[in-house]
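Counting begins at 1 with the first residue of the sequence.
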Amino acid sequence: MPQETELKLALHPKDAARLLAHPLLGGLPRAGQRLFNTYFDTPDLALREARLALRERRVGARRWLTVKTSGSTVGGLSRRGEWEVPKPRGRVDFARVVDEPALAAALQDWAPRLRAVFRTDFVRRAVVVEHAGARIELAVDDGHISVGSGRRARRERLLEVELELLDGSVDALFDLAHTLALGPEGQAARALRLHPEPRSKAERGYALFAGQAAMPRRATPLALARGMAVREAFQAASLACLTHLQANEAEPRALADLPLAGAPLPDPEFVHQLRVALRRLRTGLRLFREHLPRRWVAHWSAHWKDLADALGAARNWDVFATEWLPDRLPDSDTRAEAQALRAWVDAQRRAANLAVARRLADPAHALALLAFTRSVFALPVPRARVNLPRWAVARLRAGHARLREQARDARRLGPDGRHELRLALKKLRYTQEFLIGLLDPQRAARSTATLAEAQALLGELNDLATAQGLLQQVPARVAPALVAALQSGLQAQLEAGLLALPAMESALERSPPPW
């Protein structure tokens, strides 16, 4: 099967001129080639369901037919099956297009029901460059994706850089992307807003066709093969976390280009899933650290912790403003002090979300994504083999022993002890989720459920304690009597919640092992 390997980067419109001034783009033609593309599917979107894309491309008087599989995408790097042939006249015989019989037969069955679903229309300026021992096609695409026509037409801007590997190593793609992102001056301080783009044009087109707003994405289950080397397992786990992270970045990042006042804030779940992705990634670095370069682990652990901490304030205000406060201060409460408190909380939440947007939109973040992804792909696999299932059980035994000890100490240590226990629960739960494919499914499911229940209780208590801390930040001039009443209610709720701790701690001490 022919395979396409490319790295896709979304370019900020305000940085387009600087990108085109980059020395590596000196060979780009002044006038690009206009590409008209029509994507086809059945009325029930059978191709999309099968994770396929069927495209007809018109370049001048020539027409090409392309079939693409979804393949895999991580860090903007895509590897997918691709077949492209001159479009035949009349009815298409897909057996002459695709060399996989089952796929060709499915396309042939769908052929009578195919219809146009969306189009892309862009100018491509492309050049083949020799870089780091590889041949790479560098293309800058500028245009739009469209659905429908006339008054009902919907359009979305398309501005991206595609780096397709023609010959050489994947590392060269990342090296070229990093060099481009540094800008024409080659300085990190003057870097371009050139972010790894996990979505294909087809994915964006389907979303536009369906009129779907972007939705937060949860982590997908990780299936490790029992015969993997430990470092191979880490690569699979970390790249899965990176995919989860990047799937939730675009919406929070877009806030950086909007006016702060009045702009709708993204769904709070985006920031929550970003934090989950970072927690899982940091758990993976900790779990596999003995099989990874020490300095590499230290550097990236610190980097991702810093980003997670930056997201923390936004998450706290999101939970406070959208979950905790509305239950106690509904919109129907029109008292002046209630309105003043809601307005102050909204301002804090907006400021915290804008700080996240600016952090994600900063070119330094894009450079870090490229550097981390590149370094994960480049990790050497050691010659010494470790039995992965045995190693997994040994790590889990140690983790569960530590958890039981912390559960016994949690009440005695108060809020700090509960916080540490909650963190330990999260780490152990994510560890089990990484390794679950190597364990007995039923035992692992029971153990993970026990951890999740305990984590939920401690999370509720933590949210109450966080709400207390946020209320303490309210200026004395803003609804002092109302704030005092809310604090009193919080304390009562927290004390009631603490009554459930002994049962939770006992459940953790008796929790079934997952192995």
Side-chain angles (χ1 to χ4, degrees), residues 216-226 228 230 232-245 247-248 269 272-289 304 308 315 319 387-410 417-463 497 500-515:
R217 297 273 296 277
R218 293 179 177 271
T220 55
L222 179 67
L224 298 179
R226 299 179 71 85
M228 277 183 171
V230 176
E232 289 175 317
F234 168 74
Q235 288 173 321
S238 60
L239 292 176
C241 294
L242 196 64
T243 298
H244 183 201
L245 179 75
N248 291 284
E269 187 66 13
H272 177 54
Q273 290 302 321
L274 286 173
R275 295 189 75 211
V276 171
L278 289 169
R279 286 195 208 108
R280 288 169 58 87
L281 183 53
R282 293 168 58 208
T283 296
L285 286 165
R286 188 180 303 106
L287 172 64
F288 293 97
R289 63 180 179 268
W304 297 125
R315 178 59 183 166
V319 171
N387 184 291
L388 186 60
R390 290 180 185 171
W391 174 85
V393 168
R395 293 306 305 265
L396 288 171
R397 284 186 190 277
H400 276 265
R402 285 194 300 271
L403 182 69
R404 292 188 180 97
E405 186 176 329
Q406 285 180 280
R408 287 192 290 269
D409 292 342
R418 292 196 304 273
H419 179 67
E420 290 302 316
L421 177 60
R422 178 169 159 267
L423 294 180
L425 276 166
K426 287 181 180 180
K427 294 171 186 175
L428 187 55
R429 182 181 171 189
Y430 295 145
T431 295
Q432 288 190 186
E433 289 175 355
F434 282 143
L435 304 176
I436 198 164
L438 309 172
L439 307 171
D440 177 87
Q442 292 184 341
R443 294 179 67 87
R446 287 196 299 268
S447 175
T448 301
T450 301
L451 297 181
E453 289 174 7
Q455 185 181 332
L457 173 60
L458 290 172
E460 291 173 9
L461 295 176
N462 182 72
D463 288 345
L501 279 180
M504 180 212 72
E505 291 157 5
S506 296
L508 285 177
E509 291 179 22
R510 300 190 311 270
S511 62
W515 52 86

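Across every non-hydrogen atom of A236 and L224, the tightest pair is CB-CD2, 4.0 Å. Closest of all the heavy-atom pairs between P514 and L439 is O-CB, 3.6 Å. Taking all atoms of both residues into account, the shortest heavy-atom contact from C241 to L281 is SG-N, 3.6 Å. A pairwise comparison of heavy atoms in L388 and A233 identifies CD2-CB, 4.0 Å as the closest pair. The two residues A407 and L421 have their closest heavy-atom pair at N-CD1, 3.9 Å. Between A237 and F288 the shortest heavy-atom distance is CB-CE1, 4.4 Å.
Open room surrounds CZ on R218; 12 or fewer heavy atoms of other groups in view lie less than 6.0 Å from it.
Taking W515 as the reference, H400 meet the ring-ring contact (aromatic ring centres under 6.0 Å, His included) condition, with sequence neighbours excluded. For E460, the salt bridge (charged side-chain N to carboxylate O under 4.0 Å, His left out) test picks out no residue, with sequence neighbours left out. Partners of S447 under the side-chain hydrogen bond (donor to acceptor under 3.5 Å, both in side chains) rule, at least two apart in sequence or in another chain, are Q432. For Q273, the side-chain hydrogen bond (donor to acceptor under 3.5 Å, both in side chains) partners are H244, E269, not counting sequence neighbours. Shown here are the side-chain contact (heavy atoms from CB on, under 4.5 Å) partners of R422, two or more places apart in sequence or in another chain: H419, K426, L458, N462. Residues that satisfy the side-chain contact (heavy atoms from CB on, under 4.5 Å) test with A454, not counting sequence neighbours, are L425, M504, L508. Contacts of R395 classified as side-chain hydrogen bond (donor to acceptor under 3.5 Å, both in side chains), with partners at least two apart in sequence or in another chain: E290. The side-chain contact (heavy atoms from CB on, under 4.5 Å) check on A247 picks up R217, with sequence neighbours excluded. Evaluation of the side-chain contact (heavy atoms from CB on, under 4.5 Å) rule for I436 yields A444 as partners, not counting sequence neighbours.
Pairs of residues two or more places apart, or lying in two chains, that qualify as salt bridge (charged side-chain N to carboxylate O under 4.0 Å, His left out) and include a residue from residues 433-452 are R280-E433, R429-E433.
Interatomic distance, CD of E420 versus CD of Q406, reported as 7.0 Å (0.5 Å rounding). For the atom pair NZ (K427) and CZ (R279), the distance works out to 11.5 Å, reported to the nearest 0.5 Å. Between the OG1 atom in T450 and the CG atom in L403 there is a gap of 10.5 Å [rounded to 0.5 Å]. Put simply, CG on L287 and CG on L396 are 8.0 Å apart, with the number rounded to the nearest 0.5 Å. One distance of note links CZ of F234 with CG of L285; it measures 4.5 Å at 0.5 Å rounding.
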(request) May I have the step-by-step check of side chain to side chain contact (heavy atoms under 4.5 Å, CB included) for Y430 and V276, ending in yes or no? (result) CA-CA 10 Å; Y430 295 145; V276 171; 3.9 Å; yes
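Judged by distance alone, the side chain of R404 and the main-chain N or O of S511 form a donor-acceptor pair under 3.5 Å. One N or O on the side chain of S238 and one on the backbone of Q235 form a donor-acceptor pair closer than 3.5 Å.
Residues L501 and E505 have side chains in contact (heavy-atom distance under 4.5 Å, counting atoms from C-beta outward). Contact check for V393 versus L435: no side-chain heavy atoms found under the 4.5 Å cut-off.
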